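The next block holds one structure in the form of structure tokens; read it before the comments.
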Amino acid sequence: MSLEFINVSKCYGNVQALAEVSFRFNPGVVGLIGANGAGKTTSIRLIARHIEPDAGEILFKGKPVATYPLHAYPIACISDEPIYYEELSVEEHFQLIAAMYNKPQSDIGAIIEQMGLQEHLRKLPEALSRGTKQKLSIGCALLRDFDLLVADEPFTGLDPKQISVVKDILKNCAASGRTVLISTHLLQVVEKVCTEFILLHKGRLKCQGTLAGIKGQFGISPQAGIEEMYLHIVGEPIQGFEGDG
Ligand code: ATP
């Protein structure tokens with residue numbers, strides 16, 4: 001088992017963001033879905049160890065995540081807001097990450113090409129569009145070594161071509177035996193990328209499994225698309241759902 005939540009609870013003051021959530025999955029690309037406030041970002045932040053659970057345990061490869069020394073916790077994170085240093089150019093970001101993780105120059109070149117950042121190398125983040133900042137942020141996350149990639153709304157701001165590139169990168173990560181967890185509202189975008197889904201609702205686990213498995217569990221037609229399945233289970237539209245406001 002790659003990643004496992006065992007009865008994980010988390011409150012912010014008197015807001016219960018997660019209530020006794022348990023799920024587990026093997027390497028692959030897993031979609032974490034649910035309405036606003038379902039607890040997706042909280043789950044990602046817990047896995048990334050930005051916050052700690054109030055109760056329960058999170059295991060990676062059978063070991064509590066809290067027991068990994070930070071430098072040996074093989075995780076890469078893509079945040080829903082691009083993360084960058086205002087004073088560093090695009091190229092300098094990659095040089096810095098490469099120096100931190102002892103990565104060769106050839107890896108930098110490969111990431112820059114993959115993310116389509118060649119024409120932006122000398123620019124500071126303030127001169128980049130939102131989508132290009134997101135590409136920079138994703139590129140920096142991918143440059144380090146990792147076994148587990150958690151991505152919170154990674155497609156926000158990307159153009160269709162770049163969404164396709166990032167989807168391929170995530171699939172390749174899984175093909176090489178790594179675990180990818182994507183939190184997203186873009187159901188159609190992840191429908192074909194994810195091998196499994198976890199559906200959270202109001203801080204609780206609604207269901208987990210393959211699309212076919214979840215549809216079977218809820219008596220939903222095998223022909224139903226992911227949005228139809230989602231609406232059937234949750235009973236309310238998801239943000240970003242086609243036709244939603
Ligand atoms: P969205 O799709 O809107 O990003 P989400 O599924 O990622 O939502 P979370 O961000 O995990 O949901 O939030 C879960 C609950 O916890 C919500 O009720 C939210 O208002 C609350 N919450 C999240 N972060 C905090 C915080 N720092 N302080 C107080 N409440 C918080």
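Just so you know, ligand 1 is whichever comes first in the structure, and atom 1 is the first atom listed for that ligand. For the single chain, residues carry numbers from 1 onward in sequence order. The shown structure was predicted, so the numbers you read here are calculated from the model rather than taken from an experiment.
Here the closest heavy-atom approach between residue Leu143 and residue Ala98 is recorded as CD2-N, 3.9 Å. For the residue pair Lys123 and Glu119, the shortest heavy atom distance occurs at CE-O, 3.9 Å. Of all the heavy atoms in Leu18 and Ala38, the pair that sits closest is CD2-O, 4.4 Å.
Every N/O-N/O distance between Arg45 and ligand 1 stays at or above 3.5 Å. For Val15, no nitrogen or oxygen atom sits less than 3.5 Å from a nitrogen or oxygen atom of ligand 1, counting backbone and side chain alike. Checking only distances, Gly34 never comes within under 3.5 Å of ligand 1, N or O to N or O. The shortest N/O to N/O separation between Ala17 and ligand 1 does not fall below 3.5 Å.
Between Arg45 and Asp152 there is no salt bridge, since no side-chain N of the basic residue sits under 4.0 Å from a carboxylate O of the acidic one.
Those atoms of ligand 1 that come under 4.0 Å of a heavy atom in Asn36, given as number and element, are 1 (P), 2 (O), 3 (O), 8 (O). Listed by atom number, the atoms of ligand 1 under 4.0 Å from Ala38 heavy atoms are 5 (P), 6 (O), 12 (O). Within the listing of ligand 1, atoms 2 (O) sit less than 4.0 angstrom from a heavy atom of His185. In the vicinity of Tyr12, heavy-atom distances shorter than 4.0 Å reach the ligand 1 atoms 16 (O), 21 (C), 22 (N), 23 (C), 24 (N), 25 (C), 26 (C), 27 (N), 28 (N), 29 (C), 30 (N), 31 (C). Proximity to Ala35 (heavy-atom distance under 4.0 Å) selects the following atoms of ligand 1: 2 (O), 6 (O).
For atom 17 (C) of ligand 1, the choice among Gly37, Ser183, Gly203 with the nearest heavy atom turns out to be Gly37. For the residues Thr184, Thr41, Thr42, the heavy atom positioned nearest atom 7 (O) of ligand 1 is part of Thr41.
More than 12 heavy-atom neighbours from other residues, nucleotides or ligands sit within 6.0 angstrom of CD on Glu92.
In this structure, Arg49 is positioned above the aromatic face of Tyr73, its NZ or CZ under 6.0 Å from the six-membered ring centre and within 45° of the axis.
A donor-acceptor pair under 3.5 Å links the side-chain atoms of Asp54 to the main chain of Cys11, judged by distance alone.
No donor-acceptor contact under 3.5 angstrom links the side chains of Glu20 and Ser9, judged on distance only.
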